[in-house]
> 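Please find one structure pasted underneath; my questions will follow.
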Amino acid sequence: MNYWLFKSEPDEFGIDDLAACKRERWDGIRNYQARNLLRDQVAVGDQVLIYHSSCKKVGVAGVARVVAAAYPDPLQFDPDSQYFDPKSSPDNPRWISVDITFVEKFPNVLPLARIKAAPLLADMVLVKQGRLSIQPVQPDEWQVILEMVRQFG
DNA sequence: GCCAACGTTGGC
DNA sequence: GCCAACGTTGGC
């Protein structure tokens, strides 16, 4: 089983929305590095940190679990969607979705500033390559994050 | 709102 | 295939 971090803007879709709907298609990913991870590595049963970006409380907000592995993102075929891609086709889809389900909402969002300040998390992709929207998380990093949440919350 | 970092596009 | 121009992300 692998660990991941998915970014979302809580104004669009955050941990509370996930808790309310229980299961959600993670769509609209339009970055090749993130796409490749979704397509090749994200598997059913993997665990996911839900990260809130571009908002007041930037940081890790909770946990989700993967319930459906890679399949074509339907929005790429929808001309009315902002994620429509005219260069993609059902025969050869370019963009990938997975489904996740709600697991846990943290009592408090673990702030990015705390993550950046933690020596044990200095090698996190979040710290080193902040812009990637689907990121691998190492098992030891996962443990450190959850321990920090326990102390912070 | 600013701006640094980084990804994508397109001319050559 | 290089690289300049441009667009986007996302923290602050």
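The model shown is predicted, which means the values in this text are computed figures rather than measured ones. Proteins come first, then strands; the chains are lettered A, B, ... in the order of their sequence lines, and each starts at number 1.
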> Check this one for me: any side-chain N or O of A/Gln129 less than 4.0 Å away from OP1 or OP2 of B/dA5?
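False: A/Gln129 side-chain N/O out of range (4.0 Å or more) of B/dA5 OP1/OP2.
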> Could you state the CG-C1' distance from A/Asp85 to B/dT9, rounded to the nearest angstrom?
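In whole Å, B/dT9 C1' and A/Asp85 CG are 14 Å from each other.
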> Given B/dT9, is OP1 or OP2 found less than 4.0 Å from the side-chain N or O atoms of A/Tyr32?
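Indeed not, no polar side-chain atom of A/Tyr32 lies that close.
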> Atom CD1 of A/Ile115 and atom P of C/dG11: how far apart are they, to the nearest Å?
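Rounded to the whole Å, the gap is 11 Å.
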> What is the distance, to the nearest angstrom, from the NZ atom on A/Lys116 to the C1' atom on C/dC12?
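The answer, rounded to whole Å, is 9 Å.
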> Can the ring centres of A/Trp95 and A/Tyr32 be said to be less than 6.0 Å apart?
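Distance test on ring centres: under 6.0 Å, yes.
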> Report the distance from atom CG of A/Leu126 to atom P of C/dT9, rounded to the nearest whole Å.
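Computing the A/Leu126:CG to C/dT9:P distance gives 17 Å.
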> Please give, in whole Å, the distance from C/dT8 P to A/Glu9 CD?
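Atom CD in A/Glu9 sits about 13 Å away from atom P in C/dT8.
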> Does a side-chain N or O of A/Lys56 approach OP1 or OP2 of C/dG10 to a distance below 4.0 Å, or not?
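So the side chain of A/Lys56 is outside the cut-off, no N or O lying under 4.0 Å from OP1 or OP2 of C/dG10.
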> With distance as the sole criterion, is a donor-acceptor pair present between the side chains of A/Glu147 and A/Gln151 under 3.5 Å?
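A/Glu147 vs A/Gln151: donor-acceptor pair found between side chains.
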> Is there side-chain contact between A/Phe77 and A/Ser88, with at least one heavy-atom pair below 4.5 Å?
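The answer is yes; the side chains approach within 4.5 Å.
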> What is the distance from CG of A/Asn31 to P of C/dG7, rounded to the nearest Å?
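Taking atom P of C/dG7 as the reference, CG of A/Asn31 is at 18 Å.
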> Tell me whether the rings of A/Trp26 and A/Phe13 are parallel (<30°), tilted (30 to 60°) or perpendicular (>60°).
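Geometry flag for A/Phe13 against A/Trp26: perpendicular rings.
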> Please state how far atom CG in A/Leu112 lies from atom P in C/dT9, giving the value in whole angstrom units.
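Between P of C/dT9 and CG of A/Leu112: 18 Å.
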> Rounded to whole Å, please give me the gap between CD1 in A/Ile29 and C1' in B/dG7.
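Roughly 15 Å, once rounded to whole Å.
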> Go through B/dG7, C/dG11, C/dG10 for me and flag the one nearest to the A/Lys7 side chain.
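For A/Lys7, the side-chain atoms sit closest to C/dG10.
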